[in-house]
Amino acid sequence: MFLVFLGAPGAGKGTQAAVIAAKMKLAHIATGDLFRDEVKKGTELGKLVKEYMEQGKLVPDNVTIKVIRERLNEPDCASGVIFDGFPRTLEQAKALDKALDDQKKKLNKVLYIEIPDQELLQRLGGRWTCQQCQAIYHEVASPPKKSGICDKCGGRLYQRADDNEATIKERLKVFHAQTAPLLEYYQKANKLVTVDGKLVIDEVTNQVLKVLGK
Ligand code: AMP
C-alpha cells in the first residue's frame, strides 16, 4: 500500500506515519528526516539543502524528486510506503504519480491531517525531537519521562533549528501557498481522506486505521 500523509508542519504527520508504518509493515519515507541526515553528515546534498531548511523554504523540486526516486528504488519500498512530508508541491505530486507508475504501482490514499494554524504554532514551539530515532515529544502535551531523553531509545532530545517562531510562520505560509493546492489535486483523483488532527495522538491513529480499513 502506498500512502501520503499530508498536513501542515506540526500536524502530526511524522508521529502518525511512524506508528502506522510499524503496524502495517510499510517503509516510512520522511523527506525532512532524509535532508536533516544529509545536513548532519555534511554531504554535498546536505550543503545544498541547509539554507532552504533554515529559512523554512522548500528545497527545489528537482532535488527533492531525485532523492525520492532513488529512495523508492530501495528494496524495503517494494511492498508499500508512507510518504511523510512529500509531496509538497504539485510538481512533486505529479512526479510521484509518474515514479509509481514507472514501477507499475499506484498511490492508494492521501490522508490529510487537518489542524488550525494557531494550534500548530503552539505545538511546534514546544517540540523536542530525538536525535537518534526521530521520535517526537512536546514539553506540555506529551513530555518524555526523563527530561531531554527519549523514552523509546534513550537518545538525546533536541529542538529543531527551524522550530523557532519566525521560521515556523514562514513554513506555515509556504504550506498554504504551495502544499494546500495538493488537496484539490488529490480530491479530484478521489484519493483524499481528511482526519481531525486536533485529537490526542492515539485517537488520530485510530481514525487513520479506520479510514484505511484496518
Ligand atoms: P519537515 O521535517 O517535513 O518539516 O521538513 C523540514 C524542511 O525540509 C522543510 O521546511 C523544507 O525546507 C525541507 N523539505 C522537507 N520535505 C520537503 C519537500 N517534499 N520538498 C521541499 N522541501 C522539503
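What you see is a predicted model; the values in this text were computed from it and never measured. Computation of the quantities below employed the complete heavy-atom set of this structure, encompassing side-chain atoms and omitting hydrogens, waters and symmetry-equivalent molecules. Start at 1 and go down the list; that is how both ligands and their atoms are numbered.
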Who else is in the cluster with Ile136 when I, L, V, M, F, W and Y are joined by side-chain contacts under 4.5 Å? none
Report, one line per pair, each donor and acceptor closer than 3.5 Å where one atom sits in a side chain of residues 33-40; sequence neighbours left out.
| unit_1 | atom_1 | unit_2 | atom_2 | d |
| --- | --- | --- | --- | --- |
| Asp33 | OD1 | Arg36 | NH2 | 2.8 |
| Glu38 | OE1 | Thr43 | OG1 | 2.6 |

Using 4.0 Å as the upper bound for N to carboxylate O, is an ion pair formed by Glu91 and Lys94? no
Which pairs, with at least one residue in residues 204-214 and sequence neighbours excluded, count as a side-chain hydrogen bond (donor to acceptor under 3.5 Å, both in side chains)?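 Only Gln16-Thr205 qualify under side-chain hydrogen bond (donor to acceptor under 3.5 Å, both in side chains).
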What are the atom names and distances for all N or O pairs under 3.5 Å between ligand 1 and the protein?
| unit_1 | atom_1 | unit_2 | atom_2 | d |
| --- | --- | --- | --- | --- |
| ligand 1 | 2 (O) | Arg36 | NH1 | 3.0 |
| ligand 1 | 2 (O) | Arg36 | NH2 | 2.9 |
| ligand 1 | 2 (O) | Arg160 | NH1 | 3.1 |
| ligand 1 | 2 (O) | Arg160 | NH2 | 3.3 |
| ligand 1 | 3 (O) | Arg88 | NH1 | 3.0 |
| ligand 1 | 3 (O) | Arg88 | NH2 | 3.2 |
| ligand 1 | 4 (O) | Arg88 | NH2 | 3.4 |
| ligand 1 | 4 (O) | Arg160 | NH2 | 3.0 |
| ligand 1 | 12 (O) | Lys57 | O | 2.6 |
| ligand 1 | 16 (N) | Thr31 | OG1 | 2.8 |
| ligand 1 | 16 (N) | Gly85 | O | 3.4 |
| ligand 1 | 16 (N) | Arg88 | NH1 | 3.0 |
| ligand 1 | 19 (N) | Gly85 | O | 2.9 |
| ligand 1 | 19 (N) | Gln92 | OE1 | 3.0 |
| ligand 1 | 20 (N) | Gln92 | NE2 | 2.9 |
| ligand 1 | 22 (N) | Val59 | N | 3.0 |

Taking atom types as modelled, is there a side-chain donor on Tyr52 or Asp162 under 3.5 Å from an acceptor on the other?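 There is no such pair between these side chains.
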Looking at NZ of Lys23 and CG of Leu209, how far apart are the two atoms once the value is rounded to the nearest 0.5 Å? 6.0 Å
